[in-house]
Asker: 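This is the structure I have questions about; it appears just below.
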Protein chains: 2
Amino acid sequence: MSANKFPVESLRDRKRRQTRERIIETAFALFMERGFDVVTVDEIAQRAEIGRTTFFRYFGDKQEVVFSTEDDFLRALTAAMRDAPTEPLQDLAQALATSRRLLLAICTEAARNPGHYAVYHRLVKQHPELEDRHTRKTRHYADLLEKHLIDHGTPPATAVLAAQLTVACYQAAWRLGSHDATAVLREANDAFDLLLGATAA
Amino acid sequence: MSANKFPVESLRDRKRRQTRERIIETAFALFMERGFDVVTVDEIAQRAEIGRTTFFRYFGDKQEVVFSTEDDFLRALTAAMRDAPTEPLQDLAQALATSRRLLLAICTEAARNPGHYAVYHRLVKQHPELEDRHTRKTRHYADLLEKHLIDHGTPPATAVLAAQLTVACYQAAWRLGSHDATAVLREANDAFDLLLGATAA
DNA sequence: GTTCCAAGTGGTACTCAGTACCGTAACATG
DNA sequence: CATGTTACGGTACTGAGTACCACTTGGAAC
């Protein structure tokens, strides 16, 4: 019973989730209000009514709070990978078609709560260190993408390039789509069209 | 006389250059020997026979030492931009051709001292925070590239994408070319061939 | 319920990066 | 040689992140 696959959320788990959410809310509010670097962890902890130590138990560092939704994206990506048709992927065009679908799965997930995305976008764009971290996350997706392609028969060099080109389309969309998740989604699509349009021509 | 366009390097200037180089050498040696994060600024300063304060006068932060050759790359890029033929750049293929030439200019500059590049490469690959910073630099090049394209008549959306695709080729090369500057140069070329080959097919 | 264990919490104390400030030494200029 | 400017090193501070410890709380079993 208790060893169920979907165990009932225990009191402990619920409390943990609540504190986690309280930290995120508090931190985002403070960051938006006064800027990322001037807000101290002490301050977040106080307002969230936890100890400083506890903050670092929930998040590895101050930056990590900003990227708290990353797990959802990862879940969306792996789900999309699981559901992806296992067609052979030899050349770049085929690899790109698959990559495109996977990228759109992530963007769609991001578009599920546009409010949060808008705030995230603004925050990251204003702070180089946060943008550094953002691209680290992107790099991680690229790695997963690359692995997926290779596992499905794409030659390594092609897979690496396809993954990076996909990142390029996303980055272009990120630059062009201002604060708006669905706009980013649309721009990413356009970027792929432009890229593949060159292919067709 | 002293207000010459190429003023004779004064004693001060020479000393400054020397300490700067001493810091870089010391820091790289220590980083390679024991790893970036465990080496403290205090230690670098002591071994380089300067005060801790002085270190931060030469470099904004600990990471910045690692990227001390960045200026050379920037010079190479802007020089290449200056010398680039001012042909019209309307479509993506044209924009990519130009971007490719500019990227190769940077890689060529990097290949001018392969020893340093190898060390740099290893250091950055082993430390996520350094790789974050490395991509920040790359992002900066992308911005300059994008601006150059737009200034020469490329439509914004195309320019943004072209710049990002160029970054993609570089990143792919960076992943594939292990520790070797000329290998990275070659891989970047191959990536472009693959990308444009898809275009031609 | 009582007991017991595991997990979560908050405090203290520490290291290190980075900043501000200040007095002093070294170079440049006349 | 006298003067102003620039570089230097030291002190003292803030804030991030870590290690450790004593305490509390939730879960489970008897």
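Worth saying up front: this structure is predicted, and the values here are computed from it rather than measured. Residue numbering restarts at 1 for every chain, and letters A, B, ... go by the order of the sequence lines.
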Asker: Using whole Å, what does the distance between atom P of nucleotide dA16(D) and atom CZ of R133(A) come to?
Answerer: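 In whole Å, dA16(D) P lies 14 Å from R133(A) CZ.
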
Asker: In residues 55-63 of chain B, which ones come under 4.0 Å of DNA chain C, going by heavy atoms?
Answerer: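 Of all residues in residues 55-63 of chain B, the ones placing a heavy atom under 4.0 Å from DNA chain C are F56(B), G60(B), D61(B), K62(B).
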
Asker: Given atom CG of D13(A) and atom P of dG8(C), what is their separation to the nearest angstrom?
Answerer: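 After rounding, the reported distance stands at 8 Å.
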
Asker: In terms of side-chain geometry, is the basic nitrogen of K137(A) or E64(A) positioned less than 4.0 Å from the acidic oxygen of its partner?
Answerer: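 Yes, K137(A) and E64(A) are salt-bridged.
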
Asker: For Y170(B), does the six-membered ring have the charged nitrogen or CZ of R175(B) within the cation-pi criterion, i.e. under 6.0 angstrom from the centroid and within 45° of the normal?
Answerer: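 No cation-pi geometry.
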
Asker: Which whole-number value in Å describes the distance from F36(B) CZ to dC16(C) C1'?
Answerer: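 Taking CZ of F36(B) and C1' of dC16(C), I get 12 Å after rounding.
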
Asker: Working note: D13(A) + S10(A), criterion side-chain hydrogen bond (donor to acceptor under 3.5 Å, both in side chains); need CA distance, chi angles, decisive distance, verdict.
Answerer: CA-CA 5 Å; D13(A) 292 342; S10(A) 68; 3.3 Å; yes

Asker: Students often get this wrong, so: under 4.0 angstrom with heavy atoms, is R52(B) touching a base, only sugar-phosphate, or nothing?
Answerer: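 Base, at least one base heavy atom under 4.0 Å.
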
Asker: Taking the nucleotide of DNA chain C with the nearest heavy atom to each, does R12(B) or D37(B) sit closer to the 5' end?
Answerer: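 That would be D37(B).
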
Asker: Which residue, K15(A) or D42(B), contacts DNA chain C at a nucleotide closer to its 5' end, judged by nearest heavy atom?
Answerer: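 Mapping each residue to its closest nucleotide by heavy atoms, the 5'-most match is K15(A).
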
Asker: Cation-pi check, R20(B) to F59(B): give yes when NZ or CZ is under 6.0 Å from the six-membered ring centre and within 45° of the ring axis, no otherwise.
Answerer: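 Judged by the rule (NZ or CZ under 6.0 Å from the ring centre, within 45° of its axis), R20(B) is not positioned above F59(B).
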
Asker: Roughly how many Å is it from CD in E64(A) to C1' in dT18(D), rounded to a whole number?
Answerer: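 Those two atoms, CD and C1', are 17 Å apart.
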
Asker: Does a side-chain N or O of S10(B) approach OP1 or OP2 of dA28(C) to a distance below 4.0 Å, or not?
Answerer: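 Yes, because at least one side-chain N or O of S10(B) sits under 4.0 Å from OP1 or OP2 of dA28(C).
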
Asker: Report which part of the nucleic acid V38(B) touches: base, sugar-phosphate, or nothing (heavy-atom distance under 4.0 Å, all strands).
Answerer: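 Since no nucleic acid heavy atom lies under 4.0 Å of V38(B), the category is nothing.
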
Asker: Rounded to whole angstroms, how far apart are CZ on R14(B) and P on dA7(D)?
Answerer: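 Answer to the nearest Å: 15 Å.
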
Asker: Salt bridge or not between E43(B) and R47(B)? Use side-chain N to carboxylate O under 4.0 Å.
Answerer: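 Salt bridge between E43(B) and R47(B), a charged N being under 4.0 Å from a carboxylate O: no.
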
Asker: Could you check how far CD1 of I50(B) sits from P of dA26(C), rounded to whole Å?
Answerer: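 Between P of dA26(C) and CD1 of I50(B): 17 Å.
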
Asker: Picking from dG8(C), dT12(C), dG26(D), which would you name as closest to the side chain of L11(A)?
Answerer: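 Per side-chain heavy atoms of L11(A), the pick is dG26(D).
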
Asker: Strictly by modelled atom types, are T182(A) and D180(A) linked by a side-chain donor-acceptor pair under 3.5 Å?
Answerer: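 There is such a pair (donor and acceptor under 3.5 Å, judged by atom type) between the side chains of T182(A) and D180(A).
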
Asker: Whole-Å distance between dA7(C) C1' and R17(A) CZ?
Answerer: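 Roughly 18 Å, once rounded to whole Å.
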
Asker: Got a sec: does the NZ of K147(B) have more than 12 other heavy atoms crowding it under 6.0 Å?
Answerer: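 No.
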
Asker: Should T54(A) be listed as having a side-chain N or O under 4.0 Å from OP1 or OP2 of dT9(C)?
Answerer: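 Answer is no, no contact under 4.0 Å.
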
Asker: Would you mind reading off the distance between E129(A) atom CD and dA16(D) atom P, rounded to a whole angstrom?
Answerer: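 Atom CD in E129(A) sits about 12 Å away from atom P in dA16(D).
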
Asker: Check every strand shown and say whether T40(B) touches a base, only sugar-phosphate, or nothing at a heavy-atom separation below 4.0 Å.
Answerer: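 It contacts sugar-phosphate atoms only.
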
